[in-house]
Amino acid sequence: MPSPIQNPRLLLSHRCLPLHFPPNPFPFPPNPCRLVHRSAAALSPQPAPTPASQNLAIAAPPSSEILSIRESLLSRRRTAAEIAAEYLDRLRRTEPQLRSFLHVSQTAMREAGEVDRLVESGAELGPLTGVLVAVKDNICTADMPSTGGSRILGSYRPAFDATAVRRLREAGAIIVGKTNLDEFGMGSTTEGSGFQVTTNPWDVSRVPGGSSGGSAAAVSARQCVVSLGSDTGGSVRQPASFCGVVGMKPTYGRVSRFGLMAYASSLDVIGCFGSSVVDTAILLSAISGHDRLDATSSKHEVSDYAPQLVSLDHLESKPLKGLRVGVIRETTGEGVDVGVMSSVQAAASHLEQLGSIVTEVSLPSFSLGLPAYYILASSEASSNLSRYDGVRYGYQAAADELSSLYGDSRANGFGPEVKMRILMGTYALSAGYYDAYYKRAQQVRTLVRKSFKDALDKNDILISPAAPSAAYKIGEKTNDPLAMYAGDIMTVNVNLAGLPALVVPCGFVEGGPAGLPVGLQMIGAAFHEEKLLRVGHIFEQTLQNYRFNPPLLAES
Amino acid sequence: MALIYFRCIRMNRLFPHPSSPFTKKSSVLFCTLQASHAQVTTQVENLQNQSKQKEKLIQTATKKTLEHHKHGYEAIIGIETHVQLYTLTKAFCSCPYLYGSRPNTTICPICMGLPGTLPVLNSKVVEFAVKLGLALNCELSMNSKFDRKQYFYPDLPKGYQISQFDVPIATKGFIDLDLPVEFGGGHRRFGITRIHMEEDAGKLLHSEAGSYSQVDLNRAGVPLLEIVSEPDMRSGLEAAEYAAELQRLVRYLGVSNGNMQEGSLRCDVNISVRPIGQSQFGTKVEIKNMNSFSAMNRAIDYEISRQVLLHSEGQNDQIVQETRLWDEAAQKTFTMRKKEGLADYRYFPEPDLPEVVLTKGFVDEIRQSLPELPEAKRRRYEKMGLSMQDVLFLANDNSVADFFDAAVENGAEEKLAANWIMGDIAAYLKNERLTIDEIKLTPKELSELIAFIKNGTISGKIGKEILFELISKGGTVKSLIEEKDLVQIVDPATIEALVDKVLAANPKQLQQYRGGKTKLQGFFAGQVMKESKGKANPMLLNKILTEKLNAGG
Ligand SMILES: [Zn+2]
C-alpha cells in the first residue's frame with residue numbers, strides 16, 4: 001500500500017528549501033541563508049550515497065522483533081532454542097569487532113530450552129518470552145558478574161537481581177549478557193570502560209557513544225533483541241543516536257533504580273534500547289512501575305505501552321493532526337553539525353507532514369544546564385562511589401594500614417575519568433564552596449525544570465538533536481574532556497528536569513562505509529512516555545526509505 | 001545471601017601505641033585514622049608523662065569542691081545523646097537488630113551498602129522522632145529531609161551516614177527535671193537545641209594482638225535519634241540527671257530501652273570552664289565512654305576540676321579542643337584524639353530518600369497517644385501531698401507509677417500506697433531482681449490490703465505477712481484472711497477474756513507490775529497477742545490490758 005506520507009528528504013530535494021514552516025515564528029536559526037547553506041551542504045550528495053538510502057525502493061519500516069518471536073513461538077514455526085542460537089551465533093561472530101559484551105551468559109541456550117518446554121506445555125507466555133535481552137553492566141544480575149565497567153569491581157558478583165532485571169525474568173526474558181560501558185556510566189564513548197573499548201557497528205573505527213555504548217551497539221548489530229541501559233545525562237539517548245537504534249529515557253522514578261549502581265542518584269534512570277519503537281515500548285512496560293525497594297520510584301500508573309502503537313495500515317493520512325511540536329531553539333545553533341541539523345530539520349518537516357504543528361520554543365536556561373549537570377552529577381558521584389573502599393568487596397590493594405588500604409584500592413581501582421569526577425564533586429561539596437557550586441547548581445536545576453514545564457504547557461512534545469554530532473572516531477576526544485562534556489548538551493537538561501525522552505533514528509550523515517545514523521530526541525511531560533512512544537512509532541513507521549541496519553549486520 | 005564474608009582488615013594504625021596500657025584496659029575505640037576522619041589525628045596521651053601527683057590533686061579537688069563556684073569558675077556543659085530506637089527493623093532495610101547477635105548475622109545487601117542498593121525509610125523512625133520531639137516540647141519541622149554525612153571508616157559501609165543536617169525534625173525544646181533530694185533537690189529546666197534522625201554505624205572488633213580488626217555490621221543502619229542539649233548544665237550531677245530524665249522519657253514513650261550498657265543510650269558531653277562573670281566560653285572538651293549516670297557525674301566533675309585547676313594555675317592554654325575518654329578503673333579522663341580544625345563532612349541532601357513530610361493529622365494523633373510523662377506525673381504526685389522522695393521514686397519507673405496509680409484508683413490512700421510500694425514491695429523487687437509487672441500482687445489487692453488494715457479487719461503485722469504471700473503466690477486478700485482465719489479480734493469481751501487468762505497465768509509478773517515495774521506491760525501485751533494468734537486488735541488490747549493491770553490490788 002502506498003503510504004500517504006511522502007519522504008521528507010525527497011520533499012526537501014525537490015523544493016531545495018528544507019522546510020516550509022509558517023514564516024513567523026521561524027523555528028530555525030533566523031538567518032535563512034545560513035539555513036539554506038547548511039541544508040545544501042548536508043544534502044549536496046543527494047540522495048546520500050549510503051546503502052541505506054540506495055535501498056530506497058525496498059526499504060520497509062522496522063518491525064517488532066519481540067512480536068515476531070512471540071508469533072514464531074506460538075505458531076511453533078520456530079523454537080526458542082533456534083532463535084537464541086541465531087542471536088548467539090551472530091553475537092559470537094560480531095563480538096571480536098564490537099566488544100560490546102563484558103560477560104556473555106553461559107545458560108542462555110539452556111534457558112531457551114526451558115522456554116520451549118514452557119511453550120510445549122501450553123502455559124501462558126510472558127510478554128518477553130524467549131527474548132534475548134542484554135543488560136548494561138552497572139545493573140546487578142545475581143547469576144553474572146556486575147562490574148559497572150570498573151576494575152574496582154573486577155570480580156564482583158551481586159547477591160541479588162536489580163528490580164528491572166527481576167521483572168525482565170518474570171516476563172520470560174533470557175538475559176544474554178552484560179554490556180560494556182564507561183566506568184560507572186561516566187563518559188560518552190564507552191572508551192572509559194575499565195576493560196575494553198566497544199566499537200560502532202556502522203563503522204568500527206568509531207565510538208558507539210556512551211555510557212551505554214555496549215547496549216546500543218548490541219541492539220544495533222542484533223547481538224540481542226533489546227537491551228537495558230542507564231541514562232544519567234544522556235547515556236541511553238546519545239548512543240542510540242550514534243548506533244541508529246531507538247533509545248528511551250523514562251521519567252525519573254518510572255523504573256526502579258534498585259540494583260542500578262548509583263552514579264548520580266537524583267538523575268539516574270534505567271532506560272531501554274530496541275530496533276523499533278514497539279520493542280522499546282514492550283521492554284519499558286515490562287520494567288516500569290513502583291518498587292518498594294526504591295523510595296524514589298513512582299506510584300504513577302503504568303500503562304501497557306505497546307498496544308497503543310497501531311500498525312501502518314491503520315494510520316490516517318494525518319496521524320499526528322493537532323500535535324504541537326516545539327523545536328528547542330537553543331539546540332539548533334552553533335556547535336551542532338550541519339548534517340545533524342539538516343536531519344533534524346527534515347524530521348521536523350516530516351512531523352509537520354504528519355499533521356503536527358511545528359513551532360520554535362526557547363528554553364532560556366538551556367545553556368546553564370551543562371555546568372549545573374556536571375556539578376550535581378559529580379557531587380553525587382563523589383558520595384555514591386565512597387562505598388568502593390576495598391574493605392568489603394571488590395578490588396583491595398595490599399596495605400599495612402588503613403589509609404593506604406583506602407588510598408591504594410581507590411587509586412588503582414578507579415579509572416582517570418572517575419577519579420576526576422570524584423575530585424570535582426568533593427570540591428563542589430566542600431565547606432566554603434557548597435553555596436557557590438552545589439547550591440547554585442540546584443537553583444539552576446529549578447530554573448531548568450520550570451522552563452521545560454512552561455514549554456511543555458504550550459507543546460505536546462519538544463524536539464532536538466539527540467547529540468550535536470554523529471559518531472566520532474575512537475580516540476578523537478579522549479584528550480579533550482571539555483569537548484566530550486559539551487557533547488552532552490542536548491541531553492543533560494532532560495535529566496535535570498526528570499522528564500522522559502525518546503530517541504528515534506531520523507537520518508544519516510556522511511561517514512564510515514555506509515553513512516552514520518542521526519537520532520531525533522523527543523521530550524515529553526513527566527509520565528507521558530505513552531505519547532512519546534506513539535509519536536515515535538508513527539514517525540518511525542512513516543519514515544520511508546531509511547533502514548538502520550548497520551553494515552556489520554550485512555557482513556555477518 | 002549465605003555467601004557474604006567480611007574480610008579481616010589489617011589496620012595497625014588503629015593502635016598507634018600497641019603497648020599502651022589502654023589497649024587492654026579499655027574496650028573502646030580510641031582511635032581515628034589519619035586517612036579517615038579528615039583532619040583529625042589520633043594521639044594517645046602518654047600517661048607516664050603526666051605526674052601522678054597532679055592526678056591526685058585533681059581527684060581530691062573533685063571531692064572537695066563539687067561547688068566550683070567557690071573557686072570563682074563555672075562549668076558550661078552541653079550533651080549530645082544518641083538513643084537507639086526500639087523498632088522491629090532497621091532504619092532503611094528490613095533487618096532486625098538484636099543486641100548480642102553473632103557478628104554479621106542481622107545484615108542484608110542494603111545495610112551492607114552493596115552496589116545498587118537503596119535506603120527505604122522505616123516509618124516508625126519518624127513516628128518515634130515525633131513522639132520524642134513532642135515529649136521534649138520541641139517545634140516540629142513539618143518538612144524535613146535526610147542528608148549524607150560523609151567520611152571514611154571501615155564500620156561505615158556506604159562511606160556516608162544518612163543523617164539530618166540543616167533541617168532536623170525537631171528543634172527548640174526543653175526538658176524539666178527534679179534533682180534528687182539527697183543531693184539537695186531542686187527543679188531544673190534544660191534547653192533542647194535539636195533532635196534529628198540518623199542511622200548507626202557498625203562496630204569494629206579488634207584482634208587480641210591488635211594487628212588487625214574485623215567489621216561487624218549488625219548495628220549498621222539501626223535507627224538513632226540524636227538529641228542535642230543547650231549548654232545549660234553546670235555540674236556532673238545536673239548532666240547525669242539530664243541523661244537519667246532522657247532515659248526515663250524514652251522508656252515512658254517506648255521508643256528505646258535506654259540501656260546504657262548495651263549502648264542504646266550514649267552520651268557525649270562537652271565541657272568548658274570560665275571565670276564567673278566572663279561571657280566568652282572557654283575551650284570545649286568532649287568526653288565519651290561513660291557507661292552509667294554515676295560515671296557521667298564523676299567524669300564530668302573530674303574534668304571540671306582538671307580544667308579549673310589549669311585555669312587557676314594560669315595554664316588554661318593547655319585546655320585544648322579534644323576528645324577525652326573516661327577511664328572507669330583509674331577514675332579520670334584521658335586524651336583520645338586532638339581535633340585539628342573542623343572535620344568537613346560535605347553534607348548534602350540524600351537523593352535516595354524523599355523529603356519527610358509530616359501532616360497535622362499525623363502529629364495530632366501522636367500527640368493524643370502520648371502517655372503521661374514523668375514531669376507531669378511528678379507534679380501530680382506532688383499535689384497529692386507526697387514527699388519529693390516519694391514523688392521521685394514513684395515517677396522514676398513507668399510501671400511502678402502505673403501500679404501506684406491503679407492502687408489509688410482502687411481506693412487506696414495515697415500515702416499508704418506509696419509507703420507499701422517504696423517499702424516492702426520495693427525491697428522484695430530488689431532482692432528478687434524482679435520488676436513490679438512480674439509479681440503476682442495486683443494493685444487492686446494492695447488497695448484491699450490497705451483497706452482491711454485501715455478498717456481494722458486485720459492488723460498491720462498480719463497485713464505484712466499477707467503481702468508477701470500475695471506477691472509470691474497471688475490470690476485475694478479476702479480469701480487469704482478467711483482461709484487462715486486472720487480476722488482481727490475486735491470484740492472487747494473476747495479480748496478481756498484473753499487478758500484475764502494471761503494475768504491469771506502469770507501471777508508473779510502481775511505482782512511485780514503492781515509493785516511498780518510497769519515496763520512489764522509489754523510482756524503482758526505480747527502474751528495476749530500470742531494467745532490471740534496475733535489477731536487481737538492492738539489498740540483495744542492495750543486499752544483493756546491497762547485497765548485490768550491498774551484495776552486490781
Ligand atoms: Zn539490612
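Below, chains carry the letters A, B, ... as their sequence lines are ordered, and counting in each starts from 1.
Side-chain contact between A:Phe258 and B:Ile110 is present, with at least one heavy-atom pair separated by less than 4.5 Å. With a 4.5 Å cut-off on side-chain heavy atoms, B:Arg346 and A:Ser430 count as touching. When side chains are defined from C-beta on, B:Val215 does not count as touching A:Arg392, because their heavy atoms never get closer than 4.5 Å. Here the side chains of B:Pro154 and A:Tyr406 are in contact, with some heavy-atom distance below 4.5 Å.
Per-residue counts of heavy-atom pairs under 4.5 Å with chain B were compared for A:Ala428, A:Ser256, A:Ser383, A:Gly432; the largest is that of A:Ser383. Chain A forms the most heavy-atom pairs under 4.5 Å with one residue out of B:Pro354, B:Pro157, B:Gly159, B:Ser94, and that residue is B:Pro157. Between chain B and the options A:Asp389, A:Leu385, A:Leu293, the largest number of non-hydrogen pairs under 4.5 Å is found for A:Leu293. Of the listed residues B:Pro119, B:Gly113, B:Cys93, the one with more heavy-atom pairs under 4.5 angstrom with chain A than any other is B:Gly113.
Of the atoms belonging to B:Tyr347, it is backbone heavy atoms, and not side-chain ones, that fall under 4.5 Å from chain A. Neither the backbone nor the side chain of A:Tyr433 comes within contact range of chain B; no heavy atom of the residue lies under 4.5 Å from a heavy atom of that chain. When heavy atoms are compared at a cutoff of 4.5 Å, A:Arg292 approaches chain B solely by way of its backbone atoms N, CA, C and O. Both the backbone and the side chain of A:Ala431 have a heavy atom closer than 4.5 Å to some heavy atom of chain B. When heavy atoms are compared at a cutoff of 4.5 Å, B:Leu121 does not approach chain A at all. With a 4.5 Å cut-off on non-hydrogen atoms, A:Asn138 does not touch chain B at all.
The structure places CG of B:Asp344 at 10.0 Å from OG1 of A:Thr426, a figure rounded to the nearest 0.5 Å. Remark: A:Tyr156 OH to B:Leu114 CG distance equals 4.0 Å, nearest 0.5 Å. To the nearest 0.5 Å, atom OG of residue A:Ser266 and atom CZ of residue B:Phe348 are 8.5 Å apart. Atoms CG and CG, on A:Asp294 and B:Leu353 in that order, are 9.5 Å from each other to the nearest 0.5 Å.
Residues B:Arg148 and A:Ser265 approach most closely at NH2-OG, 3.7 Å, considering heavy atoms. The shortest non-hydrogen separation linking B:Pro115 to A:Leu153 is CG-CD1, 4.2 Å. Between A:Ser386 and B:Gln150, the closest heavy-atom pair is OG-OE1, 4.2 Å. Taking all atoms of both residues into account, the shortest heavy-atom contact from A:Tyr434 to B:Pro349 is OH-CD, 3.5 Å. Nearest heavy atom pair, residue A:Tyr252 against residue B:Pro351, reads OH-O, 4.1 Å.
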Start with the C-alpha distance between B:Phe152 and A:Arg410, add both sets of side-chain angles, then the distance that settles side-chain contact (heavy atoms from CB on, under 4.5 Å), and finish with yes or no. CA-CA 12 Å; B:Phe152 284 100; A:Arg410 287 166 70 82; 3.7 Å; yes
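The neighbour count for B:Tyr97 OH, taken as heavy atoms of other residues, nucleotides or ligands under 6.0 Å away, is above 12. Remark: A:Arg440 CZ is loosely packed, at most 12 non-hydrogen atoms of other residues, nucleotides or ligands lying under 6.0 Å away. Applying the 6.0 Å contact sphere to NZ of B:Lys145 captures more than 12 heavy atoms from other residues, nucleotides or ligands. Atom NZ of A:Lys419 has more than 12 heavy atoms from other residues, nucleotides or ligands within 6.0 Å.
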